[in-house]
Amino acid sequence: MQLPGVLLLSKYIIQGGREINGVIRIGGAKNSVLPIFAATILSGRKSIIHDCPILKDVEIMIDILKVLGCSVKREGHTVIIDTSGYIEYEVPDILVRKMRSSIVLLGALISRVKKAKICFPGGCDIGPRPIDLHLKGLEQLGVKINESHGTIYCEASDLKGADIHLDYPSVGATENILLASVFAKGTTTIRNAAKEPEIGDLQNFLNIIGAKVSGAGTNNIRVEGVKSLNDGEHTIIPDRIVAGTYMAAAASTGGNLELQNINVEHMQPIIAKLKEMGCDIYFKDGSMHITSPKRLRAVDIVRTLPYPGFPTDMQAPIVALLSKAKGTSIMIETVFENRFKHVEDLICMGANIKVDGRIAIIRGRSRLTGANVTARDLRGGAALVLAGLSAEGTTVLDAVEHIDRGYEDIHLHLQQLGADIVRI
Ligand code: UD1
């Protein structure tokens, strides 16, 4: 029986030492689905979105859309969203605090209902995650912003295209400004825009429903304001971070994996590092194959950077791999502060890692040993799964709900690939 007010957390029990082998199909990217769901609000029509992963964050976004007045129906991995009815401008605090990326609703609501009220968002605790760049960009489009007691109020009776330069290529700020500018009069240019593949996916969806956006994937995105949008149907791009995590699972256990539904271009920063570590990676008949050596090699320096640099979301999984690689590696986290929380748990498992600010020095050990550890955020939790798979003995990983935010049934997929992992 669940006691009132007591949160019962799930665990993974992992018996390490089994190779990860076989075939896996990669599903749609969480970081694409969330802004694209927000974008459906703009159209006031029906959107059919395929390959939407079944994840905690995605379900929270669906709940928010329903509360705002959208009609949402999930049929397996397809989600049908009808936004033709009345749309509320106020996003409930309780749902926003569960997911930081709900901030992308700001741009969508400003576009559709010309006002928005949303509290400062929650999400993974990986350091300060300000939204100053989002707000500065929106103001340049003519949005009036008031902040008080942790709530942001926005109003925009007359959105006008603007030339906006981002001080940093923030993914969320690029998405919010892009969404807010779809109906803005004239041309909007977002300079120093984020180039992540998920921005390209958002551009493609917006253009399918009738927007005029170009330049995603380059430094400058250009939006020509339109007057109305249409129905649309779209398939989400494969999740490059989920793919990278399964590749890392194979690499950490000396296994071989075939990955289906992969966009090779999006995977290049991850492929380059896994190759340096000694993995053989090739493409055949539309699939990607990874074969890993008995023991991985250390890499001199890995530096997380905005795309096409090495993704910060793969930092924790790669640190787990480097803990057992031959030699010493340096990981520099340049994107987020406070993103080395998994290190403490890896050390409990026998890893030799020293962290100084944004730098981790990892001296590879020949073995890790199972321990009782805790997932503290999404990607850090995934890293501990990888460490558990390659460790000797039993790992008990607590608070795996964090992992549910970004990986659909990871333990079931790993079981099918040969892992000894159960959820309790
Ligand atoms: C998105 C991804 C997240 C990924 C990150 C970087 C989603 C839902 N999440 O997060 O998985 O790790 O990109 O690739 O797509 N910053 C500011 N001011 C701002 C905005 C950002 O200083 O207004 C800083 C942040 O604190 C951070 C850095 O910029 O240090 C990068 O943040 P950003 O690119 O905005 O990441 P998110 O959109 O939050």
Side-chain angles (χ1 to χ4, degrees), residues 28-39 52-53 55-58 60-61 64 96 98-108 118 120-140 145 147 152 164-180 190 192-202 216 236-237 239-245 266 269-270 303-318 332-341 357-358 377-383 402-403 405-407:
K30 165 180 87 79
N31 287 353
S32 259
V33 174
L34 300 174
I36 286 177
F37 276 11
C52 304
L55 297 170
K56 211 160 124 193
D57 276 9
V58 177
I60 293 171
M61 189 57 124
I64 296 179
V96 176
K98 286 185 180 171
M99 187 180 63
R100 184 191 146 80
S101 17
S102 45
I103 193 67
V104 78
L105 288 159
L106 206 55
I118 190 166
F120 276 93
C124 269
D125 182 15
I126 53 175
R129 299 180 84 168
I131 53 164
D132 53 316
L133 302 173
H134 302 231
L135 301 182
K136 213 167 131 186
L138 295 177
E139 271 175 339
Q140 284 178 265
I145 300 171
E147 293 171 55
I152 307 158
I164 298 167
H165 181 94
L166 292 179
D167 293 332
Y168 182 90
S170 152
V171 174
T174 304
E175 291 166 348
N176 246 335
I177 298 165
L178 177 48
L179 290 173
I190 311 171
N192 196 25
K195 292 185 283 212
E196 269 66 5
E198 293 75 21
I199 307 279
D201 209 22
L202 178 60
I236 300 292
I237 56 168
D239 195 313
R240 62 200 165 100
I241 306 300
V242 169
T245 305
H266 300 168
I270 300 169
R303 193 188 305 269
T304 67
L305 285 170
Y307 188 86
F310 187 80
T312 173
D313 287 348
M314 278 303 293
Q315 178 258 104
I318 292 294
I332 308 176
E333 174 58 66
T334 77
V335 179
F336 287 107
E337 286 174 37
N338 204 10
R339 213 180 186 179
F340 281 128
K341 287 189 174 168
R358 288 173 177 256
D377 59 47
L378 164 57
R379 307 300 172 188
H402 283 295
I403 303 172
R405 292 190 36 227
Y407 297 88

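Remember, it's 1-based here, ligands and their atoms both numbered in the order they're listed. Atom set for the values below is all heavy atoms of this structure, side chains included, hydrogens, waters and symmetry mates excluded.
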With no hydrogens and no angle check, is any side-chain donor or acceptor of [X] less than 3.5 Å from a backbone partner on [Y]?
{"X": "Thr174", "Y": "Ala194", "value": "yes"}
{"X": "Arg358", "Y": "Glu333", "value": "yes"}
{"X": "Asp239", "Y": "Lys30", "value": "yes"}

May I ask you to identify, for [X], whether its side chain, its backbone, both or neither come under 4.0 Å of ligand 1 on a heavy-atom basis?
{"X": "Tyr168", "value": "side chain"}
{"X": "Arg339", "value": "side chain"}
{"X": "Arg100", "value": "side chain"}

Looking only at non-hydrogen atoms, which of [options] approaches [atom] most closely?
{"atom": "atom 3 (C) of ligand 1", "options": "Asp313, Thr304, Leu378", "answer": "Asp313"}
{"atom": "atom 27 (C) of ligand 1", "options": "Asn338, Val104, Val335", "answer": "Val335"}
{"atom": "atom 6 (C) of ligand 1", "options": "Thr312, Leu133, Thr174", "answer": "Thr312"}
{"atom": "atom 19 (C) of ligand 1", "options": "Ser170, Pro130, Pro169, Gly137", "answer": "Pro130"}

Quiz item: Going by heavy atoms, is Glu198 under 4.0 Å from ligand 1?
Solution: no

Quiz item: Short list, please: which atoms of ligand 1 are under 4.0 Å from a heavy atom of Val171?
Solution: 1 (C), 13 (O), 33 (P), 34 (O), 35 (O), 38 (O)

Self-check item: Atom indices of ligand 1 within 4.0 angstrom of Gly172 heavy atoms, with elements
Solution: 35 (O), 38 (O)

Quiz item: Can we say Asp57 and Arg100 salt-bridge, meaning some charged N sits less than 4.0 Å from an Asp/Glu carboxylate O?
Solution: no

